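From a predicted model like this one, the values you see are computed outputs, not experimental measurements. The chains referred to below are lettered A, B, ... by the order of the sequence lines, with proteins before strands, and numbering in each begins at 1.
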Amino acid sequence: MKPQNAITPTREEDFPEWYQQVIRVADLAENSEVRGCMVIKPWGYALWENMQAILDRMFKDTGHQNVYFPLFIPLSHLQKEAEHVEGFAKECAVVTHHRLELQDGKLVPASPLNEPLVVRPTSETIIGATVAKWVKSYRDLPILLNQWANVVRWEMRPRLFLRTAEFLWQEGHTAHETETEAIEETERMLHIYETFARDYLALPVLSGEKTASERFPGALRTYCIETLVQDRKAIQAGTSHFLGQNFAHASGIQFQSRSGQLEYAWTTSWGVSTRLIGTLIMMHSDDDGFVLPPRVAPAHVVIIPITTKEETRATVLSQAESICAKLREQSFHGQPLRVELDTRDLGGGVKNWEWIKKGVPIRLELGPRDLESGSVALSRRDHSPKDKQFIPVGQAIAEVPDLLADIQKNLLIRATQFRDAHTHSIDSQEAFYQFFTPKNSNKPEIHGGFALSHWNGSLAIEEKLKADLKVTIRCIPRGISAEPGKCIFTGEPSIQRVVFAKSY
RNA sequence: CGGGCCGUGGCUCAGCUUGGUAGAGCGCUGCGUUCGGGACGCAGAGGCCGCGGGUUCGAAUCCCGCCGGCCCGACCA
């Protein structure tokens with residue numbers, strides 16, 4: 001009684017449960033003792049480090065510098081920007097004491113702080129307060145900062161990688177002399193996210209602007225990249241905010257302009273988080289586990305020596321080591337190949353399936369029979385586990401970089417086809433409701449997708465759709481020709497179609 | 001913070017109605033047979049049955065309180 005797939009249940013049977021199982025069997029992360037907080041395990045963290053390294057390079061190449069600001073934000077700082085406070089007040093962790101005392105054998109908080117400290121949900125306010133001190137003249141601008149940090153948002157409904165109380169991210173914060181420059185920066189970073197998502201994570205994203213109701217608290221404009229994962233729900237994979245002069249006013253970021261006037265700076269902020277890992281999982285993985293895009297994979301290739309026959313073990317191992325060494329001399333996309341050699345004394349099937357579940361792009365099995373024929377069994381993760389090609393060792397080694405490139409390309413094509421297949425222009429309210437209503441309301445089947453429809457711009461419609469269908473406007477897309485039309489809910493004029501979906 | 005469910009070895013759970021000193025599967029350890037689709041046999045380790053109190057000769061089981069978790073709602077990268 002062998003299960004056909006490594007993951008039970010399948011995506012079709014129960015998507016949320018499947019998602020959790022993938023994380024578990026791929027050994028990416030687990031829930032911690034602390035409610036809502038996760039432990040990111042070595043395989044998951046290595047993936048994050050690869051993402052970090054690429055993004056970090058991209059930020060530096062566009063003139064940004066890394067900094068580190070405190071985890072604790074004085075309550076008074078957060079209070080300065082009204083909308084900002086309102087947006088985050090409900091999910092802040094607050095530190096109120098600075099020591100513990102032993103009372104009746106139990107540790108209790110003692111010594112209240114004069115002013116409570118908020119554990120950063122984001123750092124606009126404290127960075128703003130600091131940057132205000134650094135900026136005196138237009139000559140001090142722009143200031144282009146980024147920090148890699150953890151943030152805390154006390155979520156009621158945690159889900160590994162998608163929504164946890166504490167998560168890792170990067171937050172960019174910049175200050176500019178003019179509105180135009182700040183807007184350019186906002187768009188530049190959005191574009192970087194878009195490029196990163198597409199070229200490295202193989203995520204086809206839609207980029208656009210958020211409606212007022214979905215905007216970052218305190219921002220004038222919020223841009224985002226949105227993608228559609230396999231249960232046809234949208235997920236926001238990155239955001240970039242044009243903050244206008246709101247935070248400059250709140251924090252007093254003022255400078256003397258070229259004409260000698262005292263002016264407020266124009267600021268931006270932008271970020272992506274470990275949520276990208278959740279997005280990757282839901283986008284590319286299958287019923288056998290995780291599928292890693294080669295460019296961010298912690299290992300590009302795993303070599304699986306079949307070492308079970310005592311008499312051939314030594315030779316198989318030494319051949320495996322030699323292949324490993326030759327592979328490591330090669331490179332893929334400007335990086336030395338990352339190769340794992342699994343020398344554990346386990347059955348071939350066991351080892352093979354472990355690496356399938358972890359999502360390694362290429363597996364090379366090397367057994368005693370291969371030694372005689374001078375070949376190796378090559379499998380790629382984007383093909384069926386049954387597909388195994390026996391090819392000469394030298395050829396296999398030479399082909400690996402090209403195969404990785406092909407897998408990378410293939411994942412993007414697949415994901416793009418999926419997105420396109422589930423993106424529809426919808427021109428009537430009836431069709432819209434039908435699109436977002438599951439046939440089986442007790443246990444909703446996978447349904448919906450991206451709906452491109454005309455909308456009159458009113459908040460009332462957004463609220464009604466959210467209440468009726470849990471559908472929101474994901475973004476007002478760019479790059480889609482702005483063909484005018486009529487709002488499908490009110491018949492009023494509409495400038496362009498916007499993107500609706502159910503979302504994470 | 002409102003409504004429902006549940007706390008028993010690492011994990012998933014049975015046992016509770018009808019109180020009598022703890023079980024299964026998976027995982028783990030050892031040995032052996034296997035081994036290129038994730039195998040099997042045998043032998044083991046591992047639990048103050050969420051916490052506190054009560055009823056009782058005796059409580060995982062009945063009663064009360066507390067704590068923790070899950071699901072459904074409101075909020076969210």
Side-chain angles (χ1 to χ4, degrees), chain A residues 1-8 16-17 20-21 24-25 30-31 33-36 86-92 121-122 149-159 161-171 193 210 213-217 222 224-227 234-241 269-279 288-289 303-310 312-313 316 344-357 363-373 375-379 384-390 442 463 466-467 470 472 503-504:
Chain A
M1 281 287 275
K2 288 172 198 158
Q4 303 224 308
N5 304 300
I7 310 284
T8 313
E17 180 60 25
Q20 301 203 90
Q21 292 303 322
R24 203 170 61 83
V25 302
E30 63 188 43
N31 282 309
E33 312 269 307
V34 186
R35 188 198 139 78
E86 207 191 320
F88 286 106
K90 283 163 286 182
E91 49 190 32
C92 286
T122 177
N150 57 337
V151 284
V152 169
R153 299 181 185 174
W154 213 259
E155 295 293 346
M156 295 317 290
R157 269 207 197 303
R159 277 255 252 152
F161 291 119
L162 298 178
R163 196 177 301 114
T164 47
E166 180 191 16
F167 58 93
L168 304 182
W169 77 347
Q170 103 351 260
E171 47 180 325
Y193 290 152
K210 286 290 189 191
S213 65
E214 299 267 325
R215 218 173 262 156
F216 176 77
T222 287
C224 62
I225 53 172
E226 293 275 334
T227 190
I235 184 161
Q236 179 175 319
T239 49
S240 182
H241 314 291
S269 69
W270 27 276
V272 295
S273 70
T274 38
R275 179 180 245 204
L276 282 173
I277 296 176
T279 309
D288 289 323
I303 301 170
I304 303 168
I306 308 298
T307 55
T308 44
K309 288 202 171 58
E310 199 58 53
T312 53
R313 176 176 299 157
V316 168
R344 293 173 303 165
D345 189 18
L346 292 171
V350 178
K351 288 201 269 194
N352 209 18
W353 279 97
E354 268 189 35
W355 292 106
I356 291 173
K357 290 185 279 195
R363 304 186 302 282
L364 293 178
E365 273 178 76
L366 181 74
R369 293 205 295 275
D370 298 316
L371 283 187
E372 293 160 27
S373 59
S375 65
V376 67
L378 186 148
S379 324
S384 156
K386 278 181 266 185
D387 272 355
K388 209 187 273 186
Q389 281 186 294
F390 290 86
N442 293 331
E463 283 175 344
K466 196 168 178 180
K470 292 183 186 165
T472 49
S503 73
Y504 278 95

Of the nucleotides B:G37, B:G36, B:A77, which one has an atom closest to the side chain of A:Trp353? B:G37
Under a 3.5 Å limit on both distances, the Watson-Crick or wobble mate of B:G58 is none
Only pairs at least two apart or in different chains count here, so list each salt bridge (charged side-chain N to carboxylate O under 4.0 Å, His left out) that has a residue in residues 162-171 of chain A. none
Base, sugar-phosphate, or nothing for A:Ile356, non-hydrogen atoms under 4.0 angstrom? nothing
Under 4.0 Å between a side-chain nitrogen and a carboxylate oxygen: does that hold for A:Arg313 and A:Glu310? yes
Nearest-Å distance for atom pair CG/P, residues A:Leu346 and B:G27: 13 Å
From the candidates B:C75, B:A77, B:G36, the one with an atom nearest any side-chain atom of A:Ile306 is B:G36
Taking a pair to mean Watson-Crick or G-U wobble geometry with both distances below 3.5 Å, B:C26 pairs with B:G10
A:Lys388 near the nucleic acid: base, sugar-phosphate alone, or nothing, with a heavy-atom cut-off under 4.0 Å? sugar-phosphate
How long is the line joining CG of A:Asp288 and C1' of B:G37, in whole Å? 11 Å
For B:G32, give its Watson-Crick or G-U wobble partner with both distances under 3.5 Å, or none. B:C40
Do you know the tightest heavy-atom contact between A:Lys351 and A:Leu346? CE-O, 3.6 Å
Please determine, for the side chain of A:Asp370, which listed nucleotide (B:G38, B:G36, B:G37) has the closest atom? B:G36
With sugar-phosphate meaning primed atoms plus P, OP1 and OP2, does A:Lys357 contact a base, only sugar-phosphate, or nothing at under 4.0 Å between heavy atoms? base
Just to be sure I understand the rule, does A:Thr164 reach a base, reach only the sugar-phosphate, or reach nothing, if contact means heavy atoms closer than 4.0 Å? base
Strictly by Watson-Crick or wobble contacts shorter than 3.5 Å, is anything paired with B:C66, and which nucleotide is it? B:G50
Quick one: on RNA chain B, does A:Ser273 or A:Pro158 contact a more 5' nucleotide (nearest heavy atom)? A:Pro158
Is the aromatic ring of A:Phe167 within stacking range of B:A77, meaning centres under 5.5 angstrom and planes under 30 degrees? yes
Show your working on side-chain contact (heavy atoms from CB on, under 4.5 Å) between A:Lys90 and A:Trp154 and close with a plain yes or no. CA-CA 8 Å; A:Lys90 283 163 286 182; A:Trp154 213 259; over 6 Å; no
Between B:C40 and B:G25, how many Å separate the two P atoms, rounded to a whole number? 13 Å
Identify, between A:Arg215 and A:Gly367, the residue whose nearest nucleotide on RNA chain B lies closer to the 5' end. A:Gly367
Any side-chain N or O of A:Lys351 under 4.0 Å from OP1/OP2 of B:A39? no
Scan A:Phe390 against the nucleic acid and name what it touches under 4.0 Å (heavy atoms): base, sugar-phosphate only, or nothing. base
Side chain of A:Arg153 only, heavy atoms from C-beta on: which candidate in B:G37, B:C75, B:A77 is closest? B:A77
Test side-chain hydrogen bond (donor to acceptor under 3.5 Å, both in side chains) applied to A:Gln236 and A:Glu214, A:Arg275, A:Lys210, the passing residue: A:Lys210
Suppose we define a pair by two distances each less than 3.5 Å, Watson-Crick or G-U wobble; what does B:C75 pair with here? none
With sugar-phosphate meaning primed atoms plus P, OP1 and OP2, does A:Thr239 contact a base, only sugar-phosphate, or nothing at under 4.0 Å between heavy atoms? nothing
Nearest whole angstrom, please: distance from the C1' of B:U34 to the CZ of A:Arg313. 13 Å
Is A:Gly347 touching bases, backbone alone, or none of the nucleic acid, heavy atoms closer than 4.0 Å? base
Is it true that a side-chain atom of A:Asp288 and a backbone atom of A:Ala6 form a donor plus acceptor pair closer than 3.5 Å? yes
Less than 4.0 angstrom from a charged side-chain N to a carboxylate O is my criterion; do A:Arg363 and A:Glu354 meet it? no
Watson-Crick or G-U wobble partner for B:G19, using a 3.5 Å limit on both distances? none
Touch class at under 4.0 angstrom, heavy-atom based, for A:Gln236 against every strand present: sugar-phosphate
Could you tell me how far apart A:Trp355 (CH2) and B:G36 (C1') are, to the nearest whole angstrom? 18 Å
Measure the distance from CD on A:Glu365 to P on B:G37 and round it to the nearest whole Å. 6 Å
Between B:G54 and B:U61, how far is it from one P atom to the other, in whole Å? 14 Å
Is there a donor N/O on one and an acceptor N/O on the other, under 3.5 Å, for the side chain of A:Asn352 and the base of B:G36? no
For the pair made of CD1 in A:Ile235 and P in B:C76, what is the distance, rounded to whole Å? 16 Å
